[in-house]
Amino acid sequence: QVQLVESGGGLVQAGGSLRLSCGASGRTFSSYAMGWFRQAPGKDREFVASITRSSSITYYADSVKGRFTISRDNIKNTVYLQMNILKPDDTAVYYCAASVRYGSNRRISDYDYWGQGTQVTVSS
């Protein structure tokens, strides 16, 4: 089992940047593929980005491609989401998740463990 804790959320103006972090404890972090999802008020949780165990492949939602970057540090047991050129539509609670599966892992059902989320608010 793995425990996930997100941090780094906050309030930022449109066009600004934030970096989210997700620290993992428990079983070997490098044995999990990792992902970020977000949920805006009144909307379903949606895929943002994912990364394979060795960081060799990353996947992004079209809405964030070119603006967000997912990365991981298997020594620090941490996955990151660098968010640039933020827009008001990026406002949401952001969740990190861990998966034992292989592939792009774009679905909520692909993930086995979830963090509690961190709020990101982008003002116009």
Hits for side chain to side chain donor-acceptor pair (under 3.5 Å) against T121, two or more places apart or cross-chain, chain-then-number order -> Q119

| said: Treating T118 as the side-chain partner and E6 as the backbone partner, does any N or O pair qualify as donor plus acceptor under 3.5 Å? | reply: no

Q.
Using a 3.5 Å distance criterion without hydrogens, assess whether the side chain of R38 forms a donor-acceptor pair with backbone atoms of V120.
A. no

- Message: Please evaluate residues F47 and Y59 with respect to the criterion ring pair (Phe, Tyr, Trp, His ring centres under 6.0 Å), reporting the C-alpha separation (whole Å), side-chain torsions for both, the decisive distance (0.1 Å), and the verdict.
- Response: CA-CA 10 Å; F47 170 77; Y59 302 90; 7.7 Å; no

_For a 4.5 angstrom cut-off between non-hydrogen side-chain atoms, does L4 reach Y95?_
no

| request: Indicate yes or no: at least one non-hydrogen side-chain atom of D112 is less than 4.5 angstrom from one of R101. | output: yes

Donor-acceptor pair, distance only, cut-off 3.5 Å: does the side chain of T91 make one with the backbone of V122? yes

* Do the side chains of Y32 and N105 get nearer than 4.5 Å, heavy atoms only? -> no

Quick one: are Y94 and C22 in side-chain contact, heavy atoms under 4.5 Å? no

Short side-chain donor-acceptor distance under 3.5 Å, T28 and S30: no

Donor-acceptor pair, Y80 side chain versus T69 backbone, under 3.5 Å?
no

Give a yes or no on whether a salt bridge exists between D90 and K87, defined as a side-chain N under 4.0 angstrom from a carboxylate O.
no

